[in-house]
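Proteins get letters first, then strands, A, B, ... in listed order; numbering begins at 1 in each.
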Amino acid sequence: MLLFNDYRKMILDGIAAIYSDVRETDLTLDRSGHGDLTLRAFSLMKSHSVEAGKLAEDIKKELLPGGYIESIEVLGGYINFRLSTAMLMKAISAELDGTGRYPDVFQDPERVSVEHTSTNPTGPIHIGRIRNSIIGDALAKLLQRYGYRVTTQYFINDSGRQVASLYAGYRRFAGNKPLTTENLLKAYQEMHQETERNPDAEKDVDQVLREYESGNPQIMDSIRNICSVILGSINSTLEKLGIRIDDYTWESDFIRNGDVKKVLEQLSEHIREEDGALYVQSGDRKMFLTRNDGTSLYFSRDIAYHLYKMENFDWIIDVLGENHKEHARHIKYVMKNLLEKEARMDFVFYSYVSLETGKMTTRGGNIVTADELIDRAREEALSVVKAKRPDLPEDRLQEIANAVAVSAVRFHIGKLNANKQMVFKWSEALSLEGDSAPFIMYSYARAASILRKAQESRGDLSSHYDECESRLIKKMYLYPYALQEAVFGLKPEVLANYLLELTRTFNDFYSTCPVISAPDEERNRRIYILRAYTAIVKDAGTILGIRMLEEM
RNA sequence: GGGCCCGUGGCCUAGUCUGGAUAAGGCACCGUCCUUCUAAGUCGGUGAUCGUGGGUUCGAAUCCCACCGGGCCCGCCA
């Protein structure tokens, strides 16, 4: 089927046939409500010394016979084009009826790796880190929807200083306590305080690192064990949010299987030494690969990881906190310039989430965990749904509250531009109205409710559409465009904002276009519109982690 | 000190890539609409010199320069 951009291209070609100097960027999607597409005629008026009216007359002669344009009108220096609503609606429903989904045009066989979360297994995941997971998962599902073969990846740091410190802390402070995330976190925080008081404690950590790296089986087992416990709780949090990681890769595996050594060999001609520690020069930075005691550093392990990903994927995407920007730049430099590995590599960075009281640190203990946020959102949702739906049984209320809570949390964090710093506020995070997931879900539930009640009808789509129908159809027609924009920019929030716009447009339709009580012909086509609407909302919701409910 | 990101009504955001029509939403506040398909909704109202100052342009929230404010980075941490 033809997408919005295809029509844009057709119109552009038509104009170029008469006025070859038309600038591509002057024909855009119209957001002002004057048309569907608009041509800014200023430069053509100037270069041809004619009025916009004359341009429009010529363009009409060229384009109107094509049949897909309903009208071409001049307003000021703009020439506005309206596409035929009937044509767009027929295209959408043909696609839906034929393939079961709209759009069904994207297909890209490339294998894509999306690495996200990858948070150190030193404690529960907090609302800052969960931003990584939420962006990453939406991105993965978005690319998947676009047709890519996507695998999500988690790189588990079980061989760095933080984890060694966690282990040393556990041994020192909690050796005989049960192995739980809570006890481990406490020991980690105690160890942090201990090293602040007594720098000698750091030597413990150094010793652990050396033994771990040299393959001391007892320490290896213990650390794996500890990391697995914490990873288990991280995973259960992710699971609540509907996030699944396909591949877990342990950093230490690259040490054990010799890949880190291979990295050093492959880089040998670029490697320099300083006091026994090895580094490569990247721009004006020395990027250290090993410590002077021979133990590996994150940089070399991450190079090994990216080499591994390059062997298995065509496109590598990493979602990282903004503090990793330099690291990422140097990784890219080493891969491309020193190892001469060419692969499509993109990094998506997000800014930090802070609390009103300041920044969060796991070691400092001032964090809001993602579990806490989900729990409180669930309580909030439950009290709302209980008040609104006293007719529903308790277990159904719980289900609804859960779906609302999880969706609200994901949307609240996922709709924001990743570059923006975020100050977390409970009142905003727990809001279930306005620009929120429940706002979208509620509209979906209303549409679903009408579809349940309205009689099945399979009449032909008529050619006349009322304004409220037409606006919704045209917004729906932009769904593939929104998907594309989100994919090209690696910006799931673009889709989130589209979904809000679509919902507002639907609400307008809902309040002005009765369906069930409408005469046959009108009802038929409105049922078609509702089917398309629910399909699109569900589709987009799945990508963003919003769970649509048939009733709420 | 150097580099990257952010700055849009009282608060939170969209729009910035690719310059164009009265700057689009939400929260809060004031008012409206449940005997009509679910009021987690609708409609209307108050409220913005788009951080500041220059520049480019017929036209700047958007591009360029400088400055101010906030975040992140500049480890043999990750």
Undergrad: Measure from the side-chain heavy atoms of A:Leu75 and tell me the nearest of B:C27, B:U38, B:A21.
TA: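 Of the options given, the side chain of A:Leu75 lies nearest B:A21.
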Undergrad: Any idea which of B:A40, B:G26, B:U38 is nearest the A:Lys453 side chain?
TA: B:U38
Undergrad: Taking the same atom, P, in B:G3 and in B:C64, what whole-Å distance lies between them?
TA: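 My reading of the P atoms in B:G3 and B:C64 gives 15 Å.
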Undergrad: Might you work through the salt bridge (charged side-chain N to carboxylate O under 4.0 Å, His left out) test for A:Asp6 and A:Lys9, ending with a clear yes or no?
TA: CA-CA 5 Å; A:Asp6 298 318; A:Lys9 184 77 171 55; over 6 Å; no
Undergrad: Using the C1' atom as the reference point in each nucleotide, state the distance between B:G19 and B:G55 in Å, no decimals.
TA: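 Per the computed distance, 15 Å lies between those C1' atoms.
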Undergrad: For atom C1', what is the distance between B:A60 and B:A23, given to the nearest Å?
TA: 12 Å
Undergrad: Below 30° counts as parallel, above 60° as perpendicular, anything between as tilted: where do the rings of A:Phe424 and A:His412 land?
TA: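 Ring orientation of A:Phe424 relative to A:His412: perpendicular.
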Undergrad: Do the charged groups of A:Glu326 and A:Arg285 touch, with an N to O distance under 4.0 Å?
TA: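 No, this pair does not count.
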Undergrad: Which glycosidic conformation, syn or anti, is assigned to B:C58 if syn requires a torsion within 90° of zero?
TA: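 With its glycosidic angle more than 90° from zero, B:C58 counts as anti.
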Undergrad: Is the phosphate of B:U38, meaning OP1 or OP2, less than 4.0 Å from a side-chain N or O of A:Ser449?
TA: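 A:Ser449 to B:U38 OP1/OP2: side-chain N or O found under 4.0 Å.
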Undergrad: Report the secondary structure of RNA chain B in dot-bracket form, marking unpaired bases with a dot and bases paired to a different strand with |, and treating Watson-Crick or G-U pairs with both distances under 3.5 Å as paired.
TA: (((((((..((((......[...)))).(((.(.......).))).....(((((..]....))))))))))))....
Undergrad: Any side-chain N or O of A:Lys420 under 4.0 Å from OP1/OP2 of B:G7?
TA: yes
Undergrad: Taking the C1' atom in each of B:U56 and B:G10, what is the distance between them to the nearest angstrom?
TA: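 So the two C1' atoms sit 35 Å from each other.
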Undergrad: Going 5' to 3' along nucleotides 72-78 of chain B, which nucleotides have protein heavy atoms under 4.0 Å from the base (write B), which only from the sugar-phosphate (write S), and which from neither (write -)?
TA: SSSSBBB
Undergrad: Take atom CD of A:Glu202 as the centre, draw a 6.0 Å sphere, and report whether it contains more than 12 heavy atoms from other residues, nucleotides or ligands.
TA: yes
Undergrad: B:C27, OP1 or OP2 - any side-chain N/O from A:Lys425 closer than 4.0 Å?
TA: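 Checking B:C27 against A:Lys425, no side-chain N or O comes under 4.0 Å of OP1 or OP2.
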Undergrad: Between A:Arg446 and B:A39, is there a side-chain N or O to OP1/OP2 distance below 4.0 Å?
TA: yes
Undergrad: Would you indicate which nucleotide in B:C37, B:G71, B:U38 comes nearest to any side-chain atom of A:Tyr442?
TA: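 From the listed options, B:U38 comes nearest.
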Undergrad: Could you tell me how far B:A66 sits from B:C4 if I compare only their P atoms? Round to whole Å.
TA: 11 Å
Undergrad: Using the P atoms only, state how far B:A24 lies from B:G45, rounded to an integer number of Å.
TA: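 Between the two P atoms, the distance is 12 Å.
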Undergrad: Write down the atom of A:Thr119, the atom of A:Ile125, and the distance for their closest heavy-atom approach.
TA: CG2-CD1, 4.1 Å
Undergrad: Between the side chains of A:Glu493 and A:Lys415, is the shortest nitrogen-to-carboxylate-oxygen separation below 4.0 Å, so that they form an ion pair?
TA: no
Undergrad: Rounded to whole angstroms, how far apart are CD on A:Glu493 and C1' on B:C17?
TA: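 Whole-Å distance recorded here is 13 Å.
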Undergrad: With rounding to the nearest 0.5 angstrom, report the CG to CG distance, A:Asp302 to A:Leu289.
TA: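 So the CG of A:Asp302 and the CG of A:Leu289 are separated by 11.5 Å.
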Undergrad: Around A:Arg452, counting heavy atoms of other residues, nucleotides and ligands shown, do more than 12 lie under 6.0 Å from its CZ?
TA: yes
Undergrad: Would you please test A:Ser383 and A:Glu380 for side-chain hydrogen bond (donor to acceptor under 3.5 Å, both in side chains) and show each step?
TA: CA-CA 5 Å; A:Ser383 81; A:Glu380 178 69 21; 4.8 Å; no
Undergrad: Considering only B:C6, B:C12, B:C37, which nucleotide approaches the side chain of A:Gln421 most closely?
TA: B:C6
Undergrad: Would you please name every residue forming a side-chain hydrogen bond (donor to acceptor under 3.5 Å, both in side chains) with A:His324, sequence neighbours left out?
TA: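 Testing A:His324 for side-chain hydrogen bond (donor to acceptor under 3.5 Å, both in side chains), a comparison that skips the adjacent residues, returns none.
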